[in-house]
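All values derive from a computational prediction rather than experimental measurement. Residue numbers count from 1 along this sequence.
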Amino acid sequence: MTELHEVQITEEKPLLLPPSQPVPGKKHSVETPYGLVTFTVHGTPKPKRPAILTYHDVGLNHQSCFEPLFHFEDMQEIVKNFVVVHVDAPGMEEGAPLFPLGYQYPSLDQLADMIPCILQYLKFTSIIGIGVGAGAYILARYSLSHPDTVEGLVLINIDPNAKGWMDWAAHKLSGLTSSIPEMILAHLFSQEELSGCRELIQQYREALVGAPNLSNIQLYWSSYNTRRDLNFERGGDVTLKCPVMLVVGDQAPHEDAVVECNSKLDPTQTSFLKMADSGGQPQLTQPGKLTEAFKYFVQGMGYMASSCMTRLSRSRTASLSSAASGDGSQSRSRTLSQNSESGSPQQPPPAPGSGAHTMEVSC
């Protein structure tokens, strides 16, 4: 008689991600007239809603630039309402092969011209763009040439100006005394952050110095430093025709450039958000504040009308300044203050199109 053995049967269950870990996106690549571009798609297209399309800065890729923001808890409410497309500049994606010696890297204008190929591949008709630094310039350039496909722009640390002779000379001089990683760090972060030797700075310094694609990063850096002037003109033909939220950190390297950009755009379509205590990369250091401001922004565009505002409501202060357009009329300002214990409702910032306004948020 055959001996019976006890056998343990383990039920196989599908692997589930823990609730705190976002679902991975799907990576795609598409050939364009200027080379291959890689992008990652999260979620599925929503009827009658644009895609959120992001573009990162020099020295970063879509993960190192946007993960803290898009993984932030309050951001999940937005993510579930839109499909998200994270674009990596050529050669910046993880595992990217090195370009051969002498490779002609695309200009920022040409990088902008790759975006229609992405949208055509995905069959998307419109976007809300979120760009940082070089990525902000690229999205602004794209919006100038394809205004009908852009419903809104969030431009962080944008510098719309070409480098002048003084800037060019300073860049050349710093190139003689500083390494490429240190020059890029000075572009990304404020002097206070760099001198403070914060953990964040050390993390990004090590990532840059040890980057296997550092030669690719240098090519993107060179394209950024040879960008053309966007030639924005308030009241002129060259302007962004969609709602725009300009964002910069207090004392950030690009604060003056963003302030100047704000002065050149249509004041009825532009919001200017200067974030205190956020350094050079607000999306990394203050994702909560930026998430809440972005919710207000998309609400002003007519989306997520029932979204619950929480983060800024708990802020000690929210300041809103209304400035007159450049016709010489006197500026007006108003400040709204709310204590988190008061329980009284806080008025949201004016929607794009309701007049020029500046938001300065301190927590």
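Note that CG of N231 and CG of L144 are 9.5 Å apart. Values are rounded to the nearest 0.5 Å. With values rounded to the nearest 0.5 angstrom, E255 atom CD is found 5.5 Å from Q251 atom CD. Here N161 contributes atom CG and C261 contributes atom SG; the two are 8.0 Å apart, rounded to the nearest 0.5 Å. Atom CZ of F70 sits about 9.5 Å away from atom CD of Q76, to the nearest 0.5 Å. Atom CE in M245 sits 7.0 Å away from atom CZ in F294 (nearest 0.5 Å). In this structure, CG on N213 lies 4.0 Å from CD1 on I217, to the nearest 0.5 angstrom.
With hydrogens and angles left out, the side-chain atoms of H86 and T54 include a donor and acceptor closer than 3.5 Å. Side-chain contact annotation: Y142 with T149, donor-acceptor N/O pair under 3.5 Å present. No hydrogens or angles considered: nothing links the side chains of Q191 and E193 as a donor-acceptor pair under 3.5 Å. Using modelled atom types, one finds a donor on one side chain and an acceptor on the other under 3.5 Å when comparing D266 with T268. There is a side-chain donor-acceptor pair under 3.5 Å between H254 and H187. Looking at E206 and Q202, their side chains do bring a donor and an acceptor atom within 3.5 Å of each other.
For the pair Q269 (side chain) and L240 (backbone), a donor-acceptor distance under 3.5 Å is absent. Put simply, the side chain of T285 gets close to the backbone of S278: a donor and an acceptor are under 3.5 Å apart. Between the side chain of N81 and the backbone N or O of M304, no donor-acceptor pair lies under 3.5 Å. Remark: side-chain polar atoms of R49 are not paired, donor with acceptor, to backbone N or O of K46 under 3.5 angstrom. With N216 contributing its side chain and A96 its backbone, the two residues share no donor-acceptor pair below 3.5 Å. Although no hydrogens or angles enter the test, the distance criterion places no donor-acceptor pair under 3.5 Å between the side chain of E292 and the main chain of G288. Remark: the backbone N or O of E260 is paired with a side-chain donor or acceptor of S263 at under 3.5 angstrom. Side-chain atoms of K289 come within 3.5 Å of backbone N or O of A276 as a donor-acceptor pair.
Counting only heavy atoms from C-beta outward, the side chains of K80 and E77 approach each other to under 4.5 Å. The shortest side-chain heavy-atom distance between T38 and H28 does not fall under the 4.5 Å cut-off. Between V37 and I118 there is a side-chain heavy-atom pair separated by less than 4.5 Å. With a 4.5 Å cut-off on side-chain heavy atoms, I130 and I52 count as touching. L153 has its side chain within reach of S143: a pair of non-hydrogen atoms, C-beta onward, lies under 4.5 Å apart. Between P267 and R234 the shortest side-chain heavy-atom distance falls below 4.5 Å. Counting only heavy atoms from C-beta outward, the side chains of P90 and Y34 never approach each other to under 4.5 Å. Residues F66 and L284 have side chains not in contact (no heavy-atom distance under 4.5 Å, counting atoms from C-beta outward).
Residue S215 comes nearest to L98 through the heavy atom pair OG-CD2, 3.6 Å, listed as atom of the first residue, atom of the second, then distance. The two residues V83 and H42 have their closest heavy-atom pair at CG2-O, 3.4 Å. Of all heavy-atom pairs spanning C65 and V132, the tightest one is SG-CG2, 3.8 Å. Residues V87 and Y55 approach most closely at CG1-CE1, 3.6 Å, considering heavy atoms. Contact detail for P68 and P287: the closest heavy-atom pair is O-CB, 3.6 Å. Shortest non-hydrogen contact noted between M301 and P243 is CG-CG, 4.3 Å.
Salt bridge absent: D109 and R227 never bring a charged side-chain N and a carboxylate O closer than 4.0 Å. The existence of a salt bridge linking K27 and E93 is excluded, since no basic side-chain nitrogen approaches an acidic carboxylate oxygen closer than 4.0 Å.
When the shell of 6.0 Å around CD of Q104 is examined, it contains 12 or fewer heavy atoms from other residues, nucleotides or ligands. Residue D229 qualifies as enclosed at atom CG: its count of foreign heavy atoms under 6.0 Å is above 12.
For residues 58-67, every residue pair satisfying the side-chain hydrogen bond (donor to acceptor under 3.5 Å, both in side chains) rule, not counting sequence neighbours, is listed here: N61-S64, H62-D88. Listed by first and then second residue, the side-chain hydrogen bond (donor to acceptor under 3.5 Å, both in side chains) pairs that reach into residues 125-140 are S126-E151, Y137-R141, sequence neighbours excluded.
Transitive grouping of hydrophobic side chains (ILVMFWY, heavy atoms separated by less than 4.5 Å) keeps L36 and V41 in distinct clusters. Two different hydrophobic clusters hold I184 and V209 under the rule that ILVMFWY side chains link at heavy-atom gaps under 4.5 Å.
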Inset, instruction - Evaluate the criterion side-chain contact (heavy atoms from CB on, under 4.5 Å) for residue pair V247 and V154; output intermediate values, then yes/no. - result: CA-CA 7 Å; V247 182; V154 178; 4.1 Å; yes
Inset, instruction - Go through the steps for I156 and V248 under the test side-chain contact (heavy atoms from CB on, under 4.5 Å), then give the verdict. - result: CA-CA 6 Å; I156 305 170; V248 70; over 6 Å; no
Legend entry - Step-by-step side-chain contact (heavy atoms from CB on, under 4.5 Å) determination, T239 to L265: CA-CA 6 Å; T239 190; L265 295 179; 4.0 Å; yes
Legend entry - Chi angles and distances behind the side chain to side chain donor-acceptor pair (under 3.5 Å) call for S223, S107: CA-CA 5 Å; S223 285; S107 67; over 6 Å; no
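For Y220 and H56, the gap between ring centers is short of 6.0 Å.
Ring geometry for Y224 versus W221: interplanar angle under 30°, hence parallel rather than tilted (30 to 60°).
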